[in-house]
Amino acid sequence: MYKDIDFDRIDLTQAPPAEETARQYYYIGKIRNHIRELSEELSRPLTASVKTFGCQMNARDSEKLTGILEAAGYQIIESEEADVVIYNTCTVRDNANQRVYGRLGVLNGFKKKNPHMLIALCGCMMQEPSVIEKIKKSYSFVDLIFGTHNIFKFAELLYTRLESGDMVVDIWKDTDQIVEDLPVERKYSFKSGINIMFGCNNFCSYCIVPYVRGRERSREPEEILNEIRALAEDGVVEIMLLGQNVNSYGKNLEHPISFAQLLREVEKIPGIRRIRFMTSHPKDLSEELIQVMKESTKICRHLHLPLQSGSTRILKAMNRRYTKEQYLELALRIRKEIPDIAITTDIIVGFPGETPEDVDETIDVVRQVEFDNAFTFIYSKRTGTPAAAMENQVPEEIVKEGFDRLLSVVQETARKRAEVWGGQRAEVLVEEVNEHDASLMTGRMSNNMLVHFPGDASLIGKLVTVDLEECRGFYYMGHKI
Ligand code: SAH
Ligand code: SF4
Ligand code: F3S
């Protein structure tokens, strides 16, 4: 385990090892030496900051980057006025890209004040050749660029940059490697995400993820279970199993195993009190999974089941491989089998060729399923995806009209679902001090609903019972009993 390694005792006089984990430990040792000298010269510690854009998978990758930076001797800070700043980027919709470009200008200002500052970019956006070209041309002050497939090389790449002083760019097209046991620093002491698989094979026609994250690869169940056991021993009570399509987990392993079987094994691990997972593709959700969820005392009463559209015609063009009726049948069956479950979803408005009647179909599904929450997105054209080449792109005003209509129904059903909990008692995992009022604590129910109640920071990471008193739209105010 990386926790048992003394990075100052690695023999750095030898050539770097070929085995990947040992190799990265070696470079962590090298960076430690480098930083020690620089820190003495400057009479201050060296700092690093990691900023995440995008999804839970990126958030988990950022914890790995943070773990490596910390092992390498950097002091981790929130502020981006640091000696190393990493942006872990997302490219799922264009606005994610624009935010990165906007902030790079700000970073350049910091860099002018601190000659030792290094700016690194990684993540999904970097897998796009046009992005790399643009950065090389217009943002040449960036020091290090790497992608999603070689994130495990971070220590080696950072050391190369520190030694050479030149911009380092290393992007791989794909990988079949899964490198285990690199350092990782969790954002929360009591909960953690765990990758169970990487990449995606679904190629929904609007989506860039398969192009920037590569083909689907599952981790070995034993690696996953060992990681969770270690987390549990370290005080983690809630875990979130991560993958773009967890329902197809394990199918391509040498000894295939289903996602439901994996959940059964995770359930047995002592210390773990709550199990979550993201994301489920409706086409692969099995009856076995519904039964495992139903019987489980640890799997949370929450299922994120992206709909994308309620129109069978649009779903076909999206290559989602289910119809409106199949989605409805599945969602309503789950509601019947597990009545207290919260079902949330993702919806895209403005996919090429979508008409107001298609939006009506989507609204009809929202009304029938009564989603507990829905993330609604305006379609964003992603270069290289099949949908980007479709001719019937929808005019902005029509998209906006459909989006607003959908949003009001989504809010209406979400409010209705939330109100059901009024006057009940719920188990809440306390997560943090309330952002706006320090006398309140914020926690989550099993169904992912936020609850605020009077308390103090000593409750963080504990499961407490709260009387749910007042529903304020999408969250509750309550009192701990
Ligand atoms: N693997 C997950 C989704 C990952 S992306 C799944 O299949 O559900 C998260 C969400 O972003 C998607 O569910 C989709 O609603 C949205 N999204 C993806 N590509 C998009 C695009 N080009 N424009 C708008 N929204 C998009
Ligand atoms: Fe994208 Fe579809 Fe894969 Fe989800 S399942 S990541 S939406 S291609
Ligand atoms: Fe974005 Fe990459 Fe996740 S594109 S949504 S960060 S997989």
Side-chain angles (χ1 to χ4, degrees), residues 50-63 65 86-100 121-128 131 147-149 151 193 195-217 241-249 277-285 303-310 314-315 317-322 327 343-352 354 362 371 373-390 393-394 399 402-403 406 410:
V50 182
K51 180 164 175 69
T52 314
F53 300 79
C55 66
Q56 311 264 3
M57 246 96 22
N58 255 22
R60 182 61 178 162
D61 283 347
S62 289
E63 293 187 344
L65 296 167
I86 306 181
Y87 279 1
N88 189 9
T89 62
C90 170
T91 187
V92 78
R93 286 170 292 274
D94 190 54
N95 53 8
N97 300 47
Q98 294 315 321
R99 273 171 58 216
V100 170
L121 299 177
C122 64
C124 297
M125 207 176 139
M126 301 305 128
Q127 293 296 135
E128 293 182 273
V131 169
T148 55
H149 304 302
I151 185 168
N195 300 104
I196 62 166
M197 59 205 299
F198 301 93
C200 181
N201 284 353
N202 287 314
F203 290 94
C204 302
S205 64
Y206 50 83
C207 183
I208 200 161
V209 171
Y211 304 88
V212 296
R213 286 275 173 176
R215 292 296 63 72
E216 188 180 296
R217 305 176 299 288
L241 306 176
L242 300 171
Q244 293 298 354
N245 178 11
V246 292
N247 295 328
S248 72
Y249 168 78
F277 53 83
M278 273 271 234
T279 297
S280 283
H281 195 304
K283 79 174 163 61
D284 295 315
L285 199 144
L303 182 68
H304 188 64
L305 194 64
L307 167 67
Q308 312 302 1
S309 168
I314 295 294
L315 285 168
M318 286 176 161
N319 191 29
R320 288 291 286 181
R321 286 172 278 176
Y322 52 84
Y327 185 96
I343 302 181
T344 59
T345 201
D346 292 344
I347 298 170
I348 298 175
V349 180
F351 182 85
E354 189 182 62
T362 304
F371 291 110
N373 198 0
F375 298 98
T376 47
F377 303 110
I378 287 182
Y379 168 73
S380 171
K381 193 171 171 173
R382 309 316 288 136
T383 311
T385 61
M390 293 179 186
Q393 305 284 325
V394 184
V399 178
F403 185 85
L406 171 68
V410 159

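The model shown is predicted, which means the values in this text are computed figures rather than measured ones. Indexing begins at 1, ligand by ligand and atom by atom, following the structure's order.
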For R382, all residues meeting salt bridge (charged side-chain N to carboxylate O under 4.0 Å, His left out), sequence neighbours excluded: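 For R382, the residues satisfying salt bridge (charged side-chain N to carboxylate O under 4.0 Å, His left out) (neighbours in sequence not counted) are D94.
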
With sequence neighbours left out, what residues match R60 under salt bridge (charged side-chain N to carboxylate O under 4.0 Å, His left out)?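 Salt bridge (charged side-chain N to carboxylate O under 4.0 Å, His left out) check on R60 returns E63, E227.
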
Among protein heavy atoms, which sits nearest to [atom], and what does the distance come to when rounded to 0.1 Å?
atom	answer
atom 7 (S) of ligand 3	Q244 NE2, 3.3 Å
atom 1 (Fe) of ligand 3	C90 SG, 2.3 Å
atom 3 (Fe) of ligand 3	C55 SG, 2.3 Å
atom 7 (S) of ligand 2	Y206 OH, 3.4 Å

Is any side-chain heavy atom of [X] closer than 4.5 Å to a side-chain heavy atom of [Y]?
X	Y	value
N202	R321	yes
E354	I348	no
F277	L303	yes
R320	Y206	yes
L315	Y322	yes
N58	C124	yes

Provide the tally of protein N/O/S atoms nearer than 2.8 Å to atom 2 (Fe) of ligand 2.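 N, O or S atoms of the protein closer than 2.8 Å: 1.
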
Are F203 and Y211 near enough that their ring centres are under 6.0 Å apart?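 Yes; Y211 has its ring centre under 6.0 Å from that of F203.
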
Assess M125 for proximity to ligand 3: is some non-hydrogen atom of it under 4.0 Å away?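 No, M125 has no heavy atom closer than 4.0 Å to ligand 3.
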
With a 4.0 Å cut-off on heavy atoms, is M57 touching ligand 3?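 It does not; every heavy atom stays at 4.0 Å or beyond.
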
Quick one: does ligand 3 sit under 4.0 Å from the side chain of C124, the backbone, both or neither, non-hydrogen atoms only?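 C124 to ligand 3: side-chain contact only, backbone stays beyond 4.0 Å.
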
Ligand 1: protein residues within heavy-atom distance under 4.0 Å: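 Within the 4.0 Å shell of ligand 1, which is judged on heavy atoms, sit V92, R93, Y206, Q244, T279, P306, Q308, R320, D346, I348, F377, I378, Y379, S380, R382.
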
Among T344, T279, T345, find the residue that satisfies the side-chain hydrogen bond (donor to acceptor under 3.5 Å, both in side chains) test when tested with H304.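 Of the listed residues T344, T279, T345, the side-chain hydrogen bond (donor to acceptor under 3.5 Å, both in side chains) partner of H304 is T344.
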
Parallel, tilted or perpendicular: ring planes of F351 versus Y379, cut at 30 and 60 degrees: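 Taking Y379 first and then F351, their aromatic rings stand perpendicular (interplane angle over 60°).
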
Does the cation-pi check pass for R99 over F53, that is, NZ or CZ under 6.0 Å from the six-membered ring centre and within 45° of its axis?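 Here R99 fails the 6.0 Å and 45° test against F53.
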
So, taking the atom named CZ in R217 and the one named CG in N201, what distance separates them when rounded to the nearest 0.5 Å?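 If I round to the nearest 0.5 Å, the distance is 9.5 Å.
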
Side chain, backbone, both or neither: Y211 near ligand 2, heavy atoms under 4.0 Å: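 Neither part.
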
